[in-house]
Chemist: 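Could you have a look at this structure, given as structure tokens, before my questions?
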Amino acid sequence: SQQGEEDPQALSIQEGENATMNCSYKTSINNLQWYRQNSGRGLVHLILIRSNEREKHSGRLRVTLDTSKKSSSLLITASRAADTASYFCASSRGDDKIIFGKGTRLHILP
Amino acid sequence: GAVVSQHPSWVICKSGTSVKIECRSLDFQATTMFWYRQFPKQSLMLMATSNEGSKATYEQGVEKDKFLINHASLTLSTLTVTSAHPEDSSFYICSASARFNEKLFFGSGTQLSVL
């Protein structure tokens with residue numbers, strides 16, 4: 001399977017804390033993307049980082065990419081209850097496929 | 001941002017019937033749309049890539065006669081689950097991209113329950 005791996009599979013933290021999720025992929029990529037999915041809904045694009053970038057920020061989100069280790073991390077700072085969702089990384093190789101990781105289920109405790 | 005509309009949101013059908021799911025890009029033209037299947041608490045599994053005006057490309061293990069895909073225009077792709085059986089019950093999601101390999105815009109998904 002070309003599917004990437006995220007860890008942890010599930011994460012529970014207190015509101016206000018930072019949440020870090022990691023993603024590993026198997027092939028060389030053109031870009032890597034992170035998506036969020038609320039239960040029973042479609043996915044929402046969060047951020048895209050290209051293979052020649054190492055770090056990217058968007059609001060409370062910070063994404064890093066290490067192509068030598070074929071890994072990426074997503075950091076959500078100052079978490080809120082509304083951040084409770086599943087988060088998926090998705091790698092693009094430059095052909096027409098985007099491969100999703102297995103996801104991290106994040107639960108923010110009040 | 002771009003909007004992708006998918007409907008129905010949920011459908012319950014009897015075993016042996018066929019179900020059609022529509023995916024529309026509302027404010028952009030999508031030459032390529034993707035269909036995924038998702039089981040509870042699992043990731044998205046790509047079923048097929050739908051190209052406007054040509055045959056869909058199916059992933060290994062996906063029965064093309066079972067899951068019929070039609071992409072007749074730049075804004076509409078349909079997935080028809082033919083002769084549905086209980087094992088076809090799942091959450092089906094479509095997505096589309098306005099630019100090749102850039103970010104995907106997702107429909108809200110269709111929960112299919114086959115009795």
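Heavy atoms only: backbone and side chains are in, while hydrogens, waters and symmetry mates are out. Being a predicted model, the structure only gives us computed values, none of them experimental. So you know, we letter chains A, B, ... as the sequences are listed, proteins then strands, and number each from 1.
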Chemist: To the closest 0.5 Å, what do you measure between CD (B/Gln42) and CZ (A/Phe100)?
Modeler: 15.0 Å
Chemist: State whether the number of non-hydrogen atoms from other residues, nucleotides or ligands found under 6.0 Å of B/Glu59 atom CD is greater than 12.
Modeler: yes
Chemist: Using modelled atom types and a 3.5 Å cut-off, is there a donor and acceptor pairing between side-chain atoms of A/Tyr35 and backbone atoms of B/Phe106?
Modeler: no
Chemist: Could you see if A/Leu74 belongs to whatever hydrophobic cluster contains A/Tyr25? Use Ile, Leu, Val, Met, Phe, Trp, Tyr and a side-chain cutoff under 4.5 Å.
Modeler: yes
Chemist: Can you tell me which portion of B/Gln6 sits under 4.5 Å from chain A's heavy atoms? Options are side chain, backbone, both or neither.
Modeler: neither
Chemist: Rounded at 0.5 Å granularity, tell me how far OG in A/Ser39 sits from NZ in B/Lys41.
Modeler: 9.0 Å
Chemist: Could you give the distance from CD1 (A/Ile99) to CG (B/Leu44), rounded to the nearest 0.5 Å?
Modeler: 11.0 Å
Chemist: For A/Arg60, I'd like to know if atom CZ has over 12 heavy atoms of other residues, nucleotides or ligands within 6.0 Å.
Modeler: yes
Chemist: Which bit of B/Gln111 comes within less than 4.5 Å of chain A, counting heavy atoms only: side chain, backbone, both or neither?
Modeler: neither
Chemist: Kindly work out whether a path of hydrophobic side-chain contacts (I/L/V/M/F/W/Y, heavy atoms less than 4.5 Å apart) joins B/Phe34 to B/Tyr92.
Modeler: no
Chemist: Heavy-atom cut-off 4.5 Å, strictly under: side chain, backbone, both or neither for B/Ile93 against chain A?
Modeler: side chain
Chemist: Give a yes or no on whether the backbone of A/Gly101 and the side-chain of B/Ser43 come within a donor-acceptor separation of less than 3.5 Å.
Modeler: yes
Chemist: Look up atom OH in B/Tyr36 and atom CG in A/Leu43, then write down how far apart they are to the nearest 0.5 Å.
Modeler: 9.0 Å
Chemist: Report yes or no: do B/Val81 and B/Met47 belong to one cluster of Ile/Leu/Val/Met/Phe/Trp/Tyr joined by side chain heavy-atom distances under 4.5 Å?
Modeler: yes
Chemist: For A/Arg41, is it the side chain, the backbone, both or neither that has a heavy atom under 4.5 Å from a heavy atom of chain B?
Modeler: both
Chemist: To check you understand the geometry: which heavy-atom pair defines the closest contact between A/Gln37 and B/Phe91, and what is its length?
Modeler: NE2-CE2, 4.0 Å
Chemist: Output side-chain donor-acceptor pairs under 3.5 Å for residues 68-75 of chain B, partner residues at least two apart or in another chain, one line each.
Modeler:
residue	atom	partner	partner atom	Å
B/Asn70	OD1	B/Ala72	N	3.1
B/His71	ND1	B/Ser50	O	3.0
B/His71	ND1	B/Ser50	OG	2.8
B/His71	ND1	B/Glu52	N	3.3
B/His71	NE2	B/Ala30	O	3.3
B/His71	NE2	B/Ser73	O	3.1
B/Ser73	OG	B/Thr75	N	3.3
B/Ser73	OG	B/Thr75	OG1	3.4
B/Ser73	OG	B/Leu76	N	3.3

Chemist: Any salt bridge (Lys or Arg N to Asp or Glu O under 4.0 Å) involving residues 79-97 of chain B? Give me the pairs, sequence neighbours left out, ordered by first then second residue.
Modeler: B/Lys66-B/Asp88
Chemist: Hey, any chance A/Leu65 and A/Ile47 share a hydrophobic cluster, counting ILVMFWY side chains that come within less than 4.5 Å of each other, even indirectly?
Modeler: yes
